[in-house]
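I have placed the structure first, in the form of structure tokens, so that the comments after it can refer back to it.
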Amino acid sequence: MASEDRNPSPPPIEVLDNDDDIEILQADLIEGTAFSKKWTLATLLKLGKEVEKEKEGKDEKEAAEANAHGIDISEDLENDLCRLWDMSTNMLVSKYLEEWKTVDILLDVIVKSNAPRVVEIAMGILGNMACSPPIALNFSENKQLRDLVLATLGSSDARTLIETTRLITTCLSMQASQELWLSAISIGEKEVFDKLCFILQSSTNCDLLHATSNLVDTVLDVDEEILNDWATTTLIQAVTEAHKQVIKEKPEVVSMLLHILNILSTTDTGVETLVETTESILPLVIGYISSVCEQDDVMSVRGREHSISSAVSVLDVLANTSPPNLDAVLKHNPKTLPHLLCILAAAKDTSPGPSEPKKMMIEQPTLPKNGEESSSSPSDIASASQSDKKTEVSQHAPGGDEASQDSSVAEVSQNATVAEVSKDASVADVTQDASATKVTQNAPVEVDDSDDEEIECVAVVTKESNFLTDVLMEFFCNLLENHDAGTSDLISCINSCKKEHLDMLKQSLTETNPELLQVLDTKPSG
């Protein structure tokens with residue numbers, strides 16, 4: 001590829017011949033960046049011309065075939081568009097693109113182009129630009145953009161759908177633009193719902209299932225009216241089909257799917273639907289609980305508290321809403337209750353006691369690399385207790401268990417380049433007043449992080465563990481309160497658990513619901 005066809009780094013200012021050269025160079029740079037205005041606009045112009053040429057010289061039959069099967073673009077154009085996609089992760093570049101009406105160009109491209117790769121990149125650039133709240137608001141106020149993006153959910157190209165769902169989720173995650181998108185989704189609600197369920201039911205692309213689950217989760221979490229409308233057996237079937245696809249290849253999506261089920265359990269309509277589809281849901285919920293327990297023991301629940309809480313909350317609805325479903329739970333996997341007691345013991349052990357050391361570390365999430373999708377998901381936010389589930393579930397930060405904290409706004413396109421910052425920056429001969437302590441580049445540096453950060457880490461661990469403990473205790477209390485004295489399966493199952501776990505449950509009941517202790521001593525009838 002010729003050097004003039006790419007977006008090269010500018011030459012060092014010291015090699016330029018005169019002040020005029022420097023002025024020319026600086027005038028061509030997008031303000032605050034090292035990117036060329038001329039190259040950027042030339043690439044957009046080249047894109048527009050390429051799209052116009054797609055239908056030139058084609059009769060109706062050829063045009064219809066191109067529309068049905070798509071066409072390829074030149075490697076040079078694709079490389080330039082990918083560079084522009086990378087550049088759009090820079091908010092200054094995004095601002096420049098918006099100022100030059102790039103949105104109108106990209107929308108025209110999405111409507112007219114038969115090249116799936118071009119449409120994907122155009123949608124990806126819009127998604128990156130939408131990470132800037134002011135730009136996201138401008139996008140959201142553009143009815144043509146909203147309608148076109150929602151219509152693109154019907155695309156047959158998986159990579160285009162990934163970028164489309166990312167753009168919608170990004171805009172929904174911002175308070176200022178949220179209502180406009182919810183309104184647009186409500187207007188075409190049946191069509192949008194059908195498209196999303198079709199993707200979950202039929203796609204084998206795990207990245208697309210991740211992105212679509214993220215979008216469905218976000219919509220349900222922020223709009224109660226849509227939540228009630230979408231609480232159908234169709235959605236349950238879509239969730240269970242998606243679960244079958246991702247359970248081995250992308251297990252982090254399981255947490256997101258569990259959270260969708262948990263949100264459904266916060267409404268009467270959702271509860272009815274969950275109970276109606278118990279046979280479909282039980283394998284998903286109980287399977288996840290069993291996966292936490294390795295050889296009937298739990299190594300750690302840290303980082304999985306909210307996912308487990310979602311599973312337990314859904315199981316609570318299934319087991320306690322209708323007595324026959326308790327039998328279904330016990331029969332599906334007799335070890336479910338012992339596993340839950342095991343998890344309860346682990347959650348209690350995770351909470352630091354007064355005699356434990358203050359220093360507790362939490363594994364920090366890593367940024368996704370180029371070509372990888374972030375494992376974050378809004379699915380792993382708190383599943384709510386029975387008394388006030390909706391309040392808890394609506395605390396829907398864009399991230400959670402086993403994932404980075406932001407899966408919508410901060411998620412960058414697959415092609416986004418991230419500047420690498422060297423950790424080997426030279427720290428030479430730093431003296432500290434009179435002590436003259438020398439810190440060299442190769443010497444280990446003592447960092448005192450034993451105060452605020454450690455206290456905050458301990459607070460987070462304690463809060464998450466306590467939340468999980470509360471959800472589990474509520475589950476067991478509901479089981480015991482709804483227990484039919486004429487049957488002994490439940491009590492026999494609980495009493496068959498490890499003695500230390502059973503003692504721990506009794507101790508907890510002594511502190512919270514002592515009247516339920518006598519239920520555990522129920523003798524089998526007949």
Side-chain angles (χ1 to χ4, degrees), residues 262 265 285-286 289-290 292-293 296-298 300-302 304-306 308-323 325-356 382-389 391-392 461-525:
N262 184 36
S265 73
V285 175
I286 293 181
I289 292 171
S290 298
V292 176
C293 299
D296 296 336
D297 199 6
V298 179
S300 173
V301 298
R302 188 175 303 176
R304 296 185 286 186
E305 293 94 342
H306 289 309
I308 299 171
S309 298
S310 291
V312 174
S313 294
V314 174
L315 191 62
D316 196 0
V317 169
L318 299 181
N320 293 304
T321 303
S322 177
N325 281 336
L326 174 58
D327 294 335
V329 170
L330 296 178
K331 290 177 181 177
H332 186 85
N333 187 346
K335 290 188 175 182
T336 299
L337 295 186
H339 284 165
L340 289 174
L341 273 181
C342 191
I343 293 172
L344 177 60
K348 284 180 169 292
D349 288 342
T350 303
S351 302
S355 62
E356 293 183 82
S383 49
S385 65
Q386 292 290 329
S387 60
D388 192 13
K389 279 187 174 181
T391 302
E392 293 288 350
V461 172
T462 303
K463 181 179 178 181
E464 304 302 326
S465 300
N466 288 344
F467 176 77
L468 176 57
T469 298
D470 291 343
V471 171
L472 284 163
M473 283 304 304
E474 183 170 5
F475 170 78
F476 280 106
C477 287
N478 287 337
L479 280 183
L480 295 172
E481 287 173 355
N482 297 326
H483 170 60
D484 184 351
T487 62
S488 59
D489 287 350
L490 171 64
I491 305 305
S492 298
C493 187
I494 293 178
N495 285 327
S496 68
C497 297
K498 291 182 179 181
K499 183 178 184 304
E500 60 267 29
H501 294 164
L502 186 58
D503 290 343
M504 176 268 302
L505 176 61
K506 290 181 177 180
Q507 177 61 38
S508 298
L509 289 174
T510 301
E511 299 169 357
T512 58
N513 298 79
E515 68 278 5
L516 295 178
L517 285 172
Q518 60 182 350
V519 180
L520 288 176
D521 297 327
T522 302
K523 302 296 182 183
S525 60

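To the nearest 0.5 Å, the span separating CG on Leu480 from CG on Leu505 amounts to 7.0 Å. Going from atom CG of Leu479 over to atom CG of Asn320 covers 5.0 Å, rounded to the nearest 0.5 Å. For the atom pair Leu344 CG and Met473 CE, the distance stands at 6.5 Å (nearest 0.5 Å). Atom OG of Ser290 sits about 7.5 Å away from atom NE2 of His332, to the nearest 0.5 Å. Atoms OG and CD1, on Ser313 and Ile308 in that order, are 11.5 Å from each other to the nearest 0.5 Å. In this structure, CG in Leu341 is found 10.5 Å from CD in Glu500, a value given to the nearest 0.5 Å.
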Would Leu340 and Phe476 count as a side-chain contact (heavy atoms from CB on, under 4.5 Å) if you check the C-alpha gap in whole Å, the side-chain angles of each, and the deciding distance to 0.1 Å? CA-CA 9 Å; Leu340 289 174; Phe476 280 106; 3.8 Å; yes

Please walk me through it: do Asn333 and Ile289 pass side-chain contact (heavy atoms from CB on, under 4.5 Å)?
CA-CA 11 Å; Asn333 187 346; Ile289 292 171; over 6 Å; no

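Smallest separation of non-hydrogen atoms from Cys293 and Ile343: SG-CG1, 4.0 Å. Here the closest non-hydrogen pair linking Glu305 and Ser465 is OE2-OG, 4.1 Å. Minimum heavy-atom separation, Ala347 to Thr469: CB-OG1, 3.7 Å. Closest non-hydrogen pair, Cys497 versus Pro338, comes out as SG-CA, 3.5 Å. When all heavy atoms of Val285 and Ala311 are compared, the pair lying nearest together is CG1-O, 3.2 Å. Scanning all heavy atoms of the two residues, the minimum distance from Ser310 to Asn262 falls at OG-ND2, 3.8 Å.
Not a single donor-acceptor pair under 3.5 Å links the side chain of Asp316 to the backbone N or O of Val312. In this structure a side-chain-to-backbone donor-acceptor pair under 3.5 Å is present from Ser496 to Cys493. Side-chain atoms of Asn513 do not come within 3.5 Å of backbone N or O of Glu515 as any donor-acceptor pair.
Side chains of Glu511 and Gln507 form a contact here, defined as non-hydrogen atoms less than 4.5 Å apart. Under the 4.5 Å side-chain criterion, counting only non-hydrogen atoms from C-beta, Leu502 is in contact with Lys506.
Listed by chain and residue number, Lys348 satisfy the side chain to side chain donor-acceptor pair (under 3.5 Å) test with Ser508 (two or more places apart in sequence, or in another chain). For Asp503, the salt bridge (Lys or Arg N to Asp or Glu O under 4.0 Å) partners are Lys499, not counting sequence neighbours.
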